[in-house]
Amino acid sequence: MEELSARQLRDRIAAHEISSVEATEAVFERIDRYEPVVGAYINTFEERALAKAAEVDKRIAAGEQVGELAGVPVAVKDNMCTTFGATTCASKILENFHSPYNAAVVEKLLGADAVIVGKTNLDEFAMGSSTENSGLKQTVNPWDTSRVPGGSSGGSTAAVAAGMCYAALGSDTGGSIRQPASLCGVVGLKPTYGRVSRYGLVAYGSSLDQIGPVTRTVADAALLMNVIAGHDERDSTSVDEREAPVCDYLEKLDEPVSGLKIGVVPALNAGADEQVQKAVADALEVYKGLGAEVVEIEIPHFDYAIAAYYMVATAEASSNLARYDGVHYGHRTKEASDYVEVYSKSRAEAFGKEVKRRIMLGTYALSSGYYDAYYLKALKVRNLIRGDFTKAFEKCNCVMMPISPTTAFKIGEKVDDPLTMYLSDIYTIAANLAGVPGISIPCGFDGDNLPIGLQIIAPVFDEQKLLRIAHMFEKETDWHIKRPTISG
Ligand code: GLN
């Protein structure tokens, strides 16, 4: 049962071969065993999950119609609102915040009869690349517990890698689904901006944030997309389905993309560690063996992506995080003697170092006198990068490159050096700036048995093709089947 994908488990449950209660109990046994070492969860809901599982089993036994994820244990990153448990964003400022409503994606998971087992750890407010910025706990990489799981959705990817759920949701503002998926050896998809509702996702950089699946297989990512994709009138940036129809992402999954043209930028790939480069080159050979053609393309403004991202994202964050004022939400200082002190001391006491750094940077970038020089310029660069992708896709169906320049690094290795940490986002950020979808799939291991991910980027709203391309590789290889042996 432990080896099954979410889709296989769902089918077995529907066929009365396994009960959801059995599957959920087995997940909680693994949580009991591995969670003290891995630390993927901020909160788990054993009683609630088992009650939901029992309800699903009963409905299946009675021959009732059930949802697409009926009985499957899943996890949700703790920056998505739930009416059960707290929604902390791994921040002391929201440690005791209980949401009065569910995020749209949580409603959809519940509507699909998934069993939500817990809320996963993240970098505080999703700001980071290693989950070390969590204000609440440390998550480690199941493949090597002295290393980071990546971030910011490191709790979700570690939970899936360790078998402590069958699938999870993450959020990706600058790589936070794809990069930790790569470092933990699982599949992570960032959909097109606007494909999935952000209603109830705690905002970090609103023009970049997007929710997506973290899974063991590409088919599971397609299955989760079938559940979460679509327009939501409560999120005005979610796209009208008349403009870009949502499709059945599983329907054509097994049809290989014929005449596939893969775009690569050789100089970009050369920036990664040698073992990462080799794994990506080997993956391209697999595609060539399947009849794909590799064409050289250019993304001329790629080098400016990190600089532009850290202006746009921090500017938006400085505005989004203004709501944590000690009055509306979360932590309130006990030391204040007037209104201004309530605001400043509540924030000073409860925000972590990285969040403060970003609020200051973003406020500065937006201040009069600097707005034109920094924020506006970053927006122009963003436009150029978007144009680069549009042009590139005239020559190819997808672009392939590494996800992360290195495999999982040691805990503590980069945390005191924010610039080095920011540089680890080099390969993921451009897709967010351009709004295009990207996926990370397992494509090898380095000499230390640490997973390596391949990134595939497609044109906007082309998730169906993106998943088909990813699935072609998965069928030819067995990297995604490997599981970590957790010790510690
Ligand atoms: N690592 C990037 C950052 O630190 C991206 C984070 C994200 O996608 N949420 O901002």
Side-chain angles (χ1 to χ4, degrees), residues 77-80 89-91 120-135 139 148-157 168-184 188-191 193 196 198 201-214 305-318 320-321 352-362 365 378 382 402-406 408-409 413-440 453 455 457:
K77 186 177 180 180
D78 203 18
N79 60 349
M80 299 173 210
C89 289
S91 179
T120 56
N121 195 24
L122 60 150
D123 288 295
E124 185 175 4
F125 285 101
M127 297 178 185
S129 311
S130 65
T131 315
E132 290 168 291
N133 293 335
S134 169
T139 302
V148 302
S152 66
S153 309
S156 289
T157 58
L169 293 182
S171 67
D172 192 313
T173 306
S176 278
I177 292 175
R178 291 160 288 152
Q179 184 260 19
S182 164
L183 270 44
C184 288
L189 169 70
K190 181 201 91 73
Y193 182 77
V196 177
R198 292 183 296 111
L201 168 69
V202 178
Y204 159 24
S206 316
S207 76
L208 303 153
D209 298 339
Q210 190 58 199
I211 293 170
V214 175
I306 290 188
Y309 167 82
Y310 277 96
M311 283 292 110
V312 175
T314 57
E316 292 183 12
S318 73
N320 277 326
L321 272 60
K353 233 162 86 181
E354 182 63 24
V355 172
K356 287 178 185 161
R357 183 182 293 127
R358 294 193 187 197
I359 291 172
M360 286 193 285
L361 184 60
R382 181 179 192 172
I403 286 282
S404 164
T406 65
F409 44 91
E413 193 180 317
K414 298 188 183 177
V415 77
D416 293 323
D417 183 356
L419 274 185
T420 311
M421 188 74 94
Y422 297 170
L423 285 174
S424 66
D425 299 331
I426 176 89
Y427 291 113
T428 50
I429 271 170
N432 299 78
L433 289 171
V436 294
I439 195 169
S440 173
Q455 177 166 223
I457 300 172

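Starting from 1, each residue takes its place in the sequence as its number. Each ligand, and each atom within it, is numbered from 1 in the order the structure gives.
Among all heavy-atom pairs drawn from Tyr427 and Pro402, the shortest one is CB-O, 3.3 Å.
Side-chain atoms of Asp425 and Ser129 include a donor-acceptor pair closer than 3.5 Å. In summary, the side chains of Gln179 and Ser424 do not present any donor paired with an acceptor at a separation below 3.5 Å, with no hydrogens or angles considered. Using modelled atom types and a 3.5 Å distance limit, the side chains of Tyr204 and Asn79 yield no donor-acceptor pair. Under 3.5 Å, the side chains of Thr120 and Ser156 contain a donor-acceptor pair of N or O atoms.
For a threshold of 3.5 Å applied to N or O pairs, the pair formed by Gly151 and ligand 1 contains no separation below that value. Considering both main-chain and side-chain atoms, Gly174 comes within under 3.5 Å of ligand 1 through a nitrogen or oxygen pair.
The atoms of ligand 1 that sit less than 4.0 Å from any heavy atom of Tyr204 are 9 (N), 10 (O). Of all atoms in ligand 1, numbered sequentially from 1 with element shown, those under 4.0 Å from a heavy atom of Ser152 are 9 (N). Close approach of ligand 1 to Tyr310 (heavy-atom distance below 4.0 Å) involves ligand atoms 2 (C), 3 (C), 4 (O), 10 (O). Per-residue contacts place Ala126 under 4.0 angstrom from the following atoms of ligand 1 (heavy atoms of the residue considered): 6 (C), 7 (C), 9 (N). The ligand atoms of ligand 1 that sit less than 4.0 angstrom from a heavy atom of Gly128 are 1 (N), 2 (C), 3 (C), 4 (O), 6 (C).
A heavy-atom separation below 4.0 Å is not found between Gln179 and ligand 1. By the 4.0 Å heavy-atom criterion, Ala313 is excluded from the residues contacting ligand 1.
With a 4.5 Å cut-off on side-chain heavy atoms, Val148 and Thr131 do not count as touching. Val355 is not listed as a side-chain neighbour of Ser91, based on a closest heavy-atom distance of 4.5 Å or more. Using a 4.5 Å heavy-atom threshold, the side chains of Met421 and Asn133 count as separate.
Of the protein's non-hydrogen atoms, the one nearest atom 5 (C) of ligand 1 is Tyr309 OH, 3.3 Å. For atom 7 (C) of ligand 1, the nearest protein heavy atom (residue, atom name, distance) is Ser176 OG, 2.4 Å. In this structure, atom 2 (C) of ligand 1 lies nearest to the protein heavy atom Asp425 OD2, 3.1 Å.
Contacts with ligand 1 closer than 4.0 Å are made by side-chain heavy atoms of Arg358 only, the backbone lying farther away.
Between the Glu354 side chain and the Gly128 main chain, no donor and acceptor come within less than 3.5 Å of each other.
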